[in-house]
Amino acid sequence: LPFLWIPFILVFGQGFFTTFFPMVLFNGMFLFPAALALVVAVSFLLFRRFFPAAVAGLSFIFFPFIFYIFRNFGPDFGRQTWNDGNFVNMLWQSAMPEPVATFLSLLVLFLLIFKLGKTKSPIIYAGLGLLVAFSMMVRISNITIAGIVFLAMILYEPDAKYKKLLSYCLSALAGFVPQFLYNFQLYGSTHYFG
């Protein structure tokens, strides 16, 4: 999360309240529609038909509202239910790293599906590796996306598979070095995450 605050601190100054609202606006007004477009695009690339892509996009839009209808199911924390807070988060109206992590995951999937087997250049996969590394720095659980890309390349890349895999892995590792340095500086170990 500290890495995500840097641009907002540079533009709006230091302090929680000066950066919180712009980040919430950015997540809700820019990243959510961009993620919606990626959901539709990925669905269209997978199914090659408009209807499944439209259903995926509508599902992405309406899921938080369906969740909200059933918000009274689950634990109650006094003034609001647990689901009220999650409803706001599902609309990406928060200053948390989850919207950025989800957007980056969708972007990686889109680029993978768009380019898989269609390019001979390992440089494309090096760029994908850097994007995956950045995605993992935002949220370490995005390591699953790194694994999905690796597995998809093994299964579906027809030519120069190992050269592309090496390019992808080395660039992902190099792109993740700042996180290792941050971990070592803050926690005394490269493999300890906060």
Side-chain angles (χ1 to χ4, degrees), residues 1-5 23 26-28 30-47 52-53 55-57 59-61 63-64 67 82 85-86 89-92 94-119 122-158 161-184 186-187 189-194:
L1 185 60
F3 188 69
L4 294 176
W5 286 95
M23 192 171 195
F26 176 76
N27 286 344
F30 296 104
L31 281 188
F32 187 83
L36 172 63
L38 286 172
V39 165
V40 171
V42 166
S43 300
F44 188 79
L45 287 173
L46 287 174
F47 299 110
V55 168
S59 299
F60 188 77
I61 291 171
F63 177 73
F67 190 86
W82 176 75
N86 281 335
N89 290 337
M90 279 189 236
L91 291 172
W92 298 22
S94 69
M96 301 294 286
E98 282 78 10
V100 177
T102 304
F103 172 77
L104 290 172
S105 298
L106 288 167
L107 182 60
V108 166
L109 282 173
F110 171 76
L111 293 173
L112 176 69
I113 293 168
F114 189 68
K115 286 295 182 184
L116 191 64
K118 297 177 186 166
T119 180
I123 293 173
I124 298 293
Y125 292 101
L128 196 59
L130 288 173
L131 189 60
V132 163
F134 182 67
S135 172
M136 290 188 308
M137 283 192 287
V138 171
R139 179 61 75 197
I140 192 61
S141 58
N142 279 359
I143 196 167
T144 55
I145 296 298
I148 289 169
V149 171
F150 185 83
L151 187 61
M153 288 174 68
I154 286 175
L155 294 175
Y156 298 108
E157 192 59 55
K161 178 186 304 191
Y162 298 108
K163 193 174 185 180
K164 292 174 183 175
L165 276 170
L166 183 65
S167 177
Y168 166 73
C169 290
L170 289 177
S171 66
L173 185 62
F176 201 68
V177 165
Q179 183 67 51
F180 287 137
L181 295 174
Y182 176 83
N183 291 352
F184 184 76
L186 211 60
Y187 305 114
S189 170
T190 54
H191 294 82
Y192 183 85
F193 295 83

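Keep in mind that the numbers below use all heavy atoms, side chains included, and drop hydrogens, waters and symmetry copies.
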Identify the heavy atoms of [X] and [Y] that sit nearest to each other, and give their distance.
| X | Y | answer |
| --- | --- | --- |
| A174 | P178 | O-CD, 3.9 Å |
| L130 | S171 | CD2-O, 3.4 Å |
| G57 | V40 | CA-CG2, 3.7 Å |
| N142 | S135 | ND2-OG, 2.5 Å |
| A172 | A133 | O-CB, 3.3 Å |
| M136 | F176 | CB-CE1, 3.6 Å |

Could you tell me the separation between the [atom1] atom of [X] and the [atom2] atom of [Y], rounded to the nearest 0.5 Å?
| X | Y | atom1 | atom2 | answer |
| --- | --- | --- | --- | --- |
| Y182 | Y187 | OH | OH | 5.0 Å |
| E98 | S141 | CD | OG | 8.0 Å |
| M137 | L104 | CE | CG | 10.0 Å |
| I124 | Y168 | CD1 | OH | 14.5 Å |
| L128 | L112 | CG | CG | 6.0 Å |
| L111 | L38 | CG | CG | 8.0 Å |

Going through the checks in order, is the side chain to side chain contact (heavy atoms under 4.5 Å, CB included) test met by L31 and V100?
CA-CA 7 Å; L31 281 188; V100 177; 3.6 Å; yes
* May I have the step-by-step check of side chain to side chain contact (heavy atoms under 4.5 Å, CB included) for F150 and L165, ending in yes or no? => CA-CA 7 Å; F150 185 83; L165 276 170; 3.6 Å; yes
With a 6.0 Å cut-off (strictly less than), is the heavy-atom count around [atom1] of [X], excluding the residue itself, greater than 12?
| X | atom1 | result |
| --- | --- | --- |
| F180 | CZ | yes |
| K161 | NZ | yes |
| I140 | CD1 | yes |
| I143 | CD1 | no |

- Can you check whether V39's main-chain N or O pairs, donor with acceptor, with S43's side chain at less than 3.5 Å? yes
Worksheet entry | Donor-acceptor pair, side chain of S167 and main chain of K163, under 3.5 angstrom | no
Determine whether V149 and Y125 make a side-chain contact, defined as any pair of heavy atoms from C-beta on separated by less than 4.5 Å.
no
Side chain to side chain donor-acceptor pair (under 3.5 Å) involving T102 - partner list, sequence neighbours excluded: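 Scan of T102 (side chain to side chain donor-acceptor pair (under 3.5 Å), adjacent residues dropped) gives none.
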